[in-house]
Protein chains: 2
Amino acid sequence: MTVTPADHRYLQVARTLRKEIVDGVYPVGSQLPTEQQLCERFEVSRYTVREALRRLRDDNLVASRPRAGTLVVPRPETNSYAQDVMSINDLLAFASGAQLTIESNAMVVIDEHLRERTGLSVGTEWLAVRGYRADGTAAPVCATEYYINRAFAAVGRLLQRHSGPIFPLIEDLFGVSIVEVRQEIAAVPVTSELAEVLRVEVGSAALEMQRTYKTSDGEVAQVTVNTHPSSRYRHSMTMRRVKGQAGQ
Amino acid sequence: MTVTPADHRYLQVARTLRKEIVDGVYPVGSQLPTEQQLCERFEVSRYTVREALRRLRDDNLVASRPRAGTLVVPRPETNSYAQDVMSINDLLAFASGAQLTIESNAMVVIDEHLRERTGLSVGTEWLAVRGYRADGTAAPVCATEYYINRAFAAVGRLLQRHSGPIFPLIEDLFGVSIVEVRQEIAAVPVTSELAEVLRVEVGSAALEMQRTYKTSDGEVAQVTVNTHPSSRYRHSMTMRRVKGQAGQ
DNA sequence: GGTAATTTGTCCGTATGTATA
DNA sequence: ATATACATACGGACAAATTAC
């Protein structure tokens with residue numbers, strides 16, 4: 001079936017007016033016809049016209065004031081896309097189902113190779129937890145590496161039993177608050193060590209996701225590196241622009 | 001009788017229902033009385049009840065579905081990890097520098113292969129623009145495919161001269177508003193066609209980013225597929241938790 | 001699995017309130 | 001103060017979607 005919701009009179013009216021506004025029939029600052037006139041022109045009731053205008057107002061195309069009419073407002077600056085909302089749960093969704101199996105758990109000192117992989121400073125000491133996440137009997141969903149600030153290293157003992165994201169654990173245990181998450185995603189060829197764990201061919205494509213969690217002090221609490229075989233994972237997320245925020 | 005000016009009936013109804021919801025009279029998951037019942041209880045018309053419910057829906061307190069009634073929805077997240085803000089510019093940052101070179105530009109009908117690649121419905125018609133982005137004389141940064149809703153296909157002629165993201169162009173030209181962006185990222189082996197364009201080996205790892213842009217009508221305005229050779233790209237973004245947004 | 005009933009969604013016409021040029 | 005245009009409000013009707021039988 002045609003997915004076009006072109007039915008509904010008020011959507012048709014809204015679409016027509018929208019087009020006329022951008023075509024310059026009603027330039028910025030000008031006044032749209034009155035609701036009564038729009039009723040006559042489109043041969044619809046005032047309810048329908050108002051419902052159409054409501055859409056245009058929701059999109060910040062026009063503004064209405066009693067007696068002054070409905071005015072075409074200038075489009076907010078192109079760079080004001082600043083307020084968009086996404087759920088951090090999207091970011092973490094993958095972690096919910098699969099269970100973490102820990103293969104090693106030890107303090108490490110960052111060398112040049114690990115600096116490249118984590119962005120942490122050479123010579124600093126971190127709790128490294130390495131393992132994989134699997135979903136039942138199938139091959140692992142991803143290989144996982146945690147690098148945890150030594151100040152919070154006590155969480156290491158809780159990881160075996162824990163499923164899901166780690167940073168709420170740190171927040172609860174130490175009373176700190178994670179205020180910033182930086183994520184980097186890259187496509188990489190699978191190294192020989194990981195190929196064995198993930199049961200894929202060496203050199204095949206994999207998705208490497210590195211996340212850095214910062215506290216309100218600006219300190220790095222944790223760095224996570226997940227490596228997903230290409231065939232078993234797609235990372236997805238949705239952002240929604242918050243409405244009624246653009247003006248001003 | 002000095003009645004308070006902003007004492008509109010629908011606001012009174014909305015206020016009352018809102019209080020009852022947070023007081024637990026209508027717990028999460030339960031169904032509100034039908035609009036007819038609310039009309040009787042408050043002795044107002046259905047218009048007034050619907051206007052009140054619209055406010056509650058705007059606040060994400062309830063959701064309405066035909067026949068199912070109006071349900072009290074769970075708060076976004078009890079633990080307040082739900083409201084995080086990022087800039088859509090982060091999402092698009094990569095596109096700013098490199099210049100797009102267009103190789104082809106034609107209407108296409110979605111077949112099974114394209115459905116897999118774009119998520120669009122088989123049989124629908126879209127403007128397909130294919131090319132690559134390069135930064136000076138070096139090898140291309142990424143291969144780019146746009147699939148643009150035929151309603152907005154007129155932007156195709158502007159693309160050659162244009163650099164940067166496309167969807168503001170659509171917003172300006174047609175007055176629609178992009179309210180939702182969905183992004184999927186996967187690691188893929190490079191196909192033979194793309195290997196030639198990108199000047200990398202067939203089968204080497206690449207980052208495939210698919211983005212779907214939806215308008216406030218819920219219609220898909222555009223789908224973009226970018227393929228980045230692994231060595232030339234890392235996708236990064238930062239999210240910051242927003243302050244006092246959880247309550248309500 | 002098809003049908004009926006229920007509930008929201010859309011649309012109409014009309015009337016009155018309210019803010020403002 | 002007045003007229004005007006949007007804002008709120010009423011009542012009735014049918015359509016569409018979904019649940020329940």
Side-chain angles (χ1 to χ4, degrees), chain A residues 1-18 20-21 26 28-73 244 247, chain B residues 1-18 20-21 26 29-73 215-219:
Chain A
M1 321 309 177
T2 50
V3 234
T4 45
D7 322 311
H8 297 317
R9 303 276 258 262
Y10 71 89
L11 283 179
Q12 294 176 12
V13 174
R15 210 186 322 274
T16 303
L17 289 176
R18 198 193 304 269
E20 291 179 350
I21 288 173
Y26 306 114
V28 168
S30 71
Q31 181 182 343
L32 248 55
T34 69
E35 295 178 353
Q36 191 53 47
Q37 290 168 333
L38 292 173
C39 291
E40 290 164 12
R41 172 181 162 194
F42 291 104
E43 295 180 324
V44 297
S45 74
R46 182 142 173 250
Y47 170 89
T48 304
V49 164
R50 284 187 61 74
E51 208 61 29
L53 290 179
R54 195 197 293 263
R55 300 291 283 225
L56 299 185
R57 273 194 299 268
D58 285 350
D59 286 357
N60 287 306
L61 269 172
V62 301
S64 303
R65 275 167 39 229
R67 167 67 197 177
T70 298
L71 302 178
V72 180
V73 303
Chain B
M1 256 163 63
T2 54
V3 186
T4 34
D7 202 19
H8 299 298
R9 298 269 254 270
Y10 71 89
L11 286 178
Q12 292 175 16
V13 174
R15 205 173 7 248
T16 303
L17 289 176
R18 193 193 305 272
E20 291 179 352
I21 288 173
Y26 304 113
S30 71
Q31 182 183 344
L32 247 56
T34 67
E35 295 177 354
Q36 190 54 47
Q37 290 168 334
L38 292 174
C39 290
E40 290 163 11
R41 172 180 163 194
F42 291 104
E43 295 180 322
V44 296
S45 73
R46 187 154 169 239
Y47 169 88
T48 304
V49 165
R50 283 186 64 74
E51 209 60 29
L53 290 179
R54 195 198 292 264
R55 296 310 190 282
L56 299 184
R57 273 194 297 270
D58 284 351
D59 289 354
N60 283 311
L61 271 171
V62 301
S64 305
R65 276 167 33 222
R67 166 66 200 178
T70 299
L71 302 178
V72 181
V73 303
T215 67
S216 49
D217 300 338
E219 229 175 348

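The figures here come from the full heavy-atom set of this structure, side chains too, leaving out hydrogens, waters and symmetry mates. Residue numbers start from 1 in every chain, and the chains themselves are labelled A, B, ... in the order their sequence lines are given, proteins ahead of strands.
In this structure the side chain of A:Arg57 reaches within 4.5 angstrom of the side chain of A:Leu53, judged on heavy atoms. Contact annotation: the side chain of A:Leu71 never approaches that of A:Leu32 to less than 4.5 Å [non-hydrogen atoms, C-beta and beyond].
Between A:Arg50 and D:dA7 there is a side-chain polar atom (N or O) within less than 4.0 angstrom of OP1 or OP2. Between C:dG17 and B:Arg9, no contact under 4.0 Å exists linking OP1 or OP2 to a side-chain N or O.
Near DNA chain D, defined here as any heavy-atom distance below 4.0 Å, the residues from residues 33-44 of chain B are B:Val44, listed numerically.
In this structure, A:Arg65 reaches the sugar-phosphate backbone alone: every heavy-atom distance under 4.0 Å involves primed, P, OP1 or OP2 atoms, never a base.
Here the closest non-hydrogen pair linking A:Gly69 and A:Gln31 is CA-NE2, 3.8 Å.
The CZ-C1' distance, from A:Arg67 to D:dA1, rounds to 13 Å in whole Å.
Of the candidate nucleotides D:dA7, D:dA9, D:dA17, D:dA17 has the atom nearest to the side chain of B:Pro66. The nucleotide whose nearest atom lies closest to any side-chain atom of A:Tyr47 is, among C:dC11, C:dT8, D:dA9, C:dC11. Taking the side chain of B:His8 as heavy atoms from C-beta on, and the options C:dT10, D:dA9, D:dA17, the nearest nucleotide is D:dA9.
Judged purely by atom type and a 3.5 angstrom limit, B:Thr48 has no side-chain atom pairing as donor or acceptor with the backbone of B:Val44.
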